[in-house]
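Have a look at the structure below before the remarks.
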2 protein chains.
Amino acid sequence: MIRVVVVDDHEIVRKGMIAYLQTDGDIEVVGQASSGFAGVEVILQEKPDVVLMDLIMENGTGIEATKQVMEKFPECKIIILTSYYDDKQVFPAIEAGAFSYLLKTASADEIVQAIKKAVIGENVIEPKVANKMLTSFQKDTLKPHDELTPREMEVLLCIGNGLTNQEISEKLYIGIKTVKTHVSNILSKLGVSDRTQAAVYVHRNGLL
Amino acid sequence: MIRVVVVDDHEIVRKGMIAYLQTDGDIEVVGQASSGFAGVEVILQEKPDVVLMDLIMENGTGIEATKQVMEKFPECKIIILTSYYDDKQVFPAIEAGAFSYLLKTASADEIVQAIKKAVIGENVIEPKVANKMLTSFQKDTLKPHDELTPREMEVLLCIGNGLTNQEISEKLYIGIKTVKTHVSNILSKLGVSDRTQAAVYVHRNGLL
DNA sequence: AAGTAACTCGGACTTGAGACGGAGAGGAAA
DNA sequence: TTTCCTCTCCGTCTCAAGTCCGAGTTACTT
């Protein structure tokens with residue numbers, strides 16, 4: 001039997017969730033709470049295998065509750081349930097030690113599956129959230145030129161080939177003023193101060 | 001006996017040379033001429049083993065004579081004798097088929113040795129001329145930046161790192177005017193038109 | 001003694017580069 | 001619809017860059 005605690009300040013959500021979970025023969029709801037503060041008490045007392053935790057609550061956020069639980073009871077698998085995938089608290093929740101991260105748009109069955117996976121060590125991350133995480137992690141290894149627009153990249157490569165603004169404007173069939181605008185944007189995006197350094201950047205990063 | 005023909009428009013040189021060569025028991029002077037034109041006639045008639053040919057003569061140059069002889073009598077070893085090592089006709093002479101290339105500053109004994117070496121297939125090239133030939137051959141594989149002075153190379157590498165003239169002047173403890181002078185010289189030596197192209201050159205040739 | 005090459009600097013000059021601010025057109029997403 | 005991004009372009013302005021000229025200094029070679 002999988003021992004579960006449900007923490008959510010919306011009573012209707014909490015009750016409904018519990019009712020559904022009880023229909024599954026492998027799951028036993030051993031506790032519930034309507035705030036993060038109360039949730040920590042219940043969890044530390046019942047020592048459940050899995051916790052379903054709402055992220056946004058009136059009395060103490062899910063983040064704080066998660067942190068406190070992980071400090072004293074790190075074996076616990078906390079599944080975060082939230083309404084918005086672009087919530088700014090996604091990453092703090094992960095950092096706090098949440099094990100899985102689901103949206104409330106997920107079907108009841110998905111939630112059950114997430115609980116069962118949690119006990120065997122598999123975490124479930126909502127695709128859109130996973131995407132956000134991925135791009136976030138990549139941001140550390142993100143090269144400055146990745147934020148260049150396609151047109152700017154074209155111009156940058158021209159600079160890397162030693163072309164002047166005039167030559168670039170002729171090659172790309174645009175005005176020299178436009179080239180200057182692109183160059184200015186490129187320089188500030190790359191964090192360099194002139195085209196020569198931009199050319200050096202191109203070759204140092206093997207863009208050619 | 002080594003059969004030799006001497007071609008030189010200066011009578012005193014010709015006579016002196018012949019007189020000296022005759023003192024060597026292995027050499028026999030079988031003909032002489034005071035112009036390239038006449039020289040060809042004598043050579044084709046006498047079929048000597050070796051020819052001592054002056055490069056600069058009034059009637060037909062040694063170059064032309066050498067070419068004509070090599071066409072009809074290629075086995076002949078023609079030794080070019082000239083006064084100046086930086087003569088512009090050095091390479092045309094070699095191309096025409098001259099076998100050895102000596103300066104008139106060479107000692108009489110050196111000339112005799114050159115003759116004896118010629119018959120056994122060894123050619124003798126004046127060191128300075130050889131040097132000129134070498135650097136000439138190397139010029140094909142010579143990178144433009146090889147002719148940069150050490151200081152210019154320093155400046156070029158700075159450019160390759162994206163430094164401005166001001167920054168270079170501070171790094172090398174010289175005036176910005178001096179930097180500009182170096183940059184100008186660098187650009188013309190590399191055959192590029194601005195510092196950006198110079199920076200590209202640096203990276204394309206792996207100078208950093 | 002004379003020549004050559006490298007390094008240094010000066011002044012005057014032209015021009016390309018880049019910054020700054022503004023702006024319109026088109027497309028994609030909320 | 002509105003917002004946002006991209007691409008496009010304009011004018012103005014400042015300054016670094018580069019050219020062209022000359023010139024003085026070493027140091028090495030002839």
Side-chain angles (χ1 to χ4, degrees), chain A residues 83-88 128 131-132 135 145-202, chain B residues 83-87 103 105 126-129 131-132 135 145-202:
Chain A
S83 303
Y84 310 102
Y85 74 90
D86 58 347
D87 198 301
K88 300 175 189 73
K128 288 183 180 177
N131 230 316
K132 243 181 137 54
T135 59
H145 61 261
D146 285 329
E147 60 181 88
L148 292 183
T149 67
R151 199 55 159 173
E152 286 166 352
M153 182 56 76
E154 285 187 78
V155 174
L156 176 59
L157 295 184
C158 288
I159 293 175
N161 279 318
L163 300 189
T164 64
N165 288 339
Q166 181 62 46
E167 290 167 336
I168 295 173
S169 82
E170 288 165 3
K171 175 168 184 168
L172 301 183
Y173 304 109
I174 56 179
I176 194 172
K177 298 296 182 63
T178 306
V179 176
K180 283 192 175 190
T181 302
H182 287 317
V183 171
S184 269
N185 293 333
I186 290 168
L187 296 184
S188 80
K189 284 184 180 177
L190 295 187
V192 299
S193 54
D194 57 46
R195 72 198 296 101
T196 303
Q197 288 184 6
V200 172
Y201 180 97
V202 167
Chain B
S83 303
Y84 310 102
Y85 76 90
D86 57 347
D87 198 301
L103 294 186
T105 57
E126 179 69 17
K128 289 183 181 176
V129 174
N131 229 315
K132 242 179 138 54
T135 59
H145 63 259
D146 285 330
E147 60 181 87
L148 292 183
T149 67
R151 198 57 160 170
E152 286 166 352
M153 183 55 78
E154 285 187 77
V155 174
L156 176 58
L157 295 184
C158 287
I159 294 176
N161 278 318
L163 300 189
T164 64
N165 288 339
Q166 182 62 45
E167 291 167 336
I168 295 173
S169 80
E170 288 164 5
K171 175 167 183 169
L172 301 184
Y173 304 110
I174 56 179
I176 194 171
K177 298 297 181 61
T178 308
V179 176
K180 284 191 175 188
T181 303
H182 287 318
V183 171
S184 267
N185 293 333
I186 290 168
L187 297 184
S188 79
K189 283 184 180 178
L190 295 188
V192 299
S193 54
D194 57 46
R195 72 196 297 102
T196 303
Q197 288 184 6
V200 172
Y201 180 97
V202 166

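Chain identifiers are assigned alphabetically (A, B, ...) following the order of the sequence lines, protein sequences preceding nucleic acid strands; residue numbering begins at 1 within each chain. Here the structure is a predicted model, which is why all the values come from computation and not from measurement. As a basis for the values below, the full set of heavy atoms in this structure was taken, side chains included, without hydrogen atoms, waters or symmetry mates.
Within the helix from C:dA1-D:dT30 to C:dA30-D:dT1, the inter-axis angle between the opening and closing five-pair segments is 40°, rounded to 10°.
Here the CG atom belonging to B:N161 is positioned 9.5 Å from the CD atom belonging to A:Q197, to the nearest 0.5 angstrom.
Every residue two or more places apart in sequence or in another chain that forms a side-chain contact (heavy atoms from CB on, under 4.5 Å) with B:T178 is listed here: B:I174, B:H182. Taking the side-chain contact (heavy atoms from CB on, under 4.5 Å) definition, one finds that B:K177 meets it with nothing, sequence neighbours left out. Under the salt bridge (Lys or Arg N to Asp or Glu O under 4.0 Å) criterion, A:K189 pairs with A:E152, sequence neighbours left out. Scored by the side-chain contact (heavy atoms from CB on, under 4.5 Å) test, B:V200 finds A:A199, A:H203, B:R204 as partners (sequence neighbours excluded). A:E167 pairs by the salt bridge (Lys or Arg N to Asp or Glu O under 4.0 Å) definition with nothing, not counting sequence neighbours. Every side-chain hydrogen bond (donor to acceptor under 3.5 Å, both in side chains) that B:N165 has, sequence neighbours left out, goes to B:R195. Residues passing the side-chain contact (heavy atoms from CB on, under 4.5 Å) test with B:Q166, sequence neighbours excluded: B:T164, B:S169, B:E170, B:I176.
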Worksheet item: Could you write nucleotides 4-21 of chain C as a row of B, S and -, 5' to 3', where a protein heavy atom under 4.0 Å of any base atom gives B, of only sugar-phosphate atoms gives S, and otherwise -?
Response: --SSBB-B-----BBB--
Is there any protein nitrogen or oxygen under 3.5 Å from a nitrogen or oxygen in nucleotides 26-29 of chain C, and what are the pairs?
none

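Counting heavy atoms from C-beta outward, B:L172 and B:V155 have side chains that approach closer than 4.5 Å.
Between A:L190 and A:L156 the shortest heavy-atom distance is CD1-CD1, 3.9 Å.
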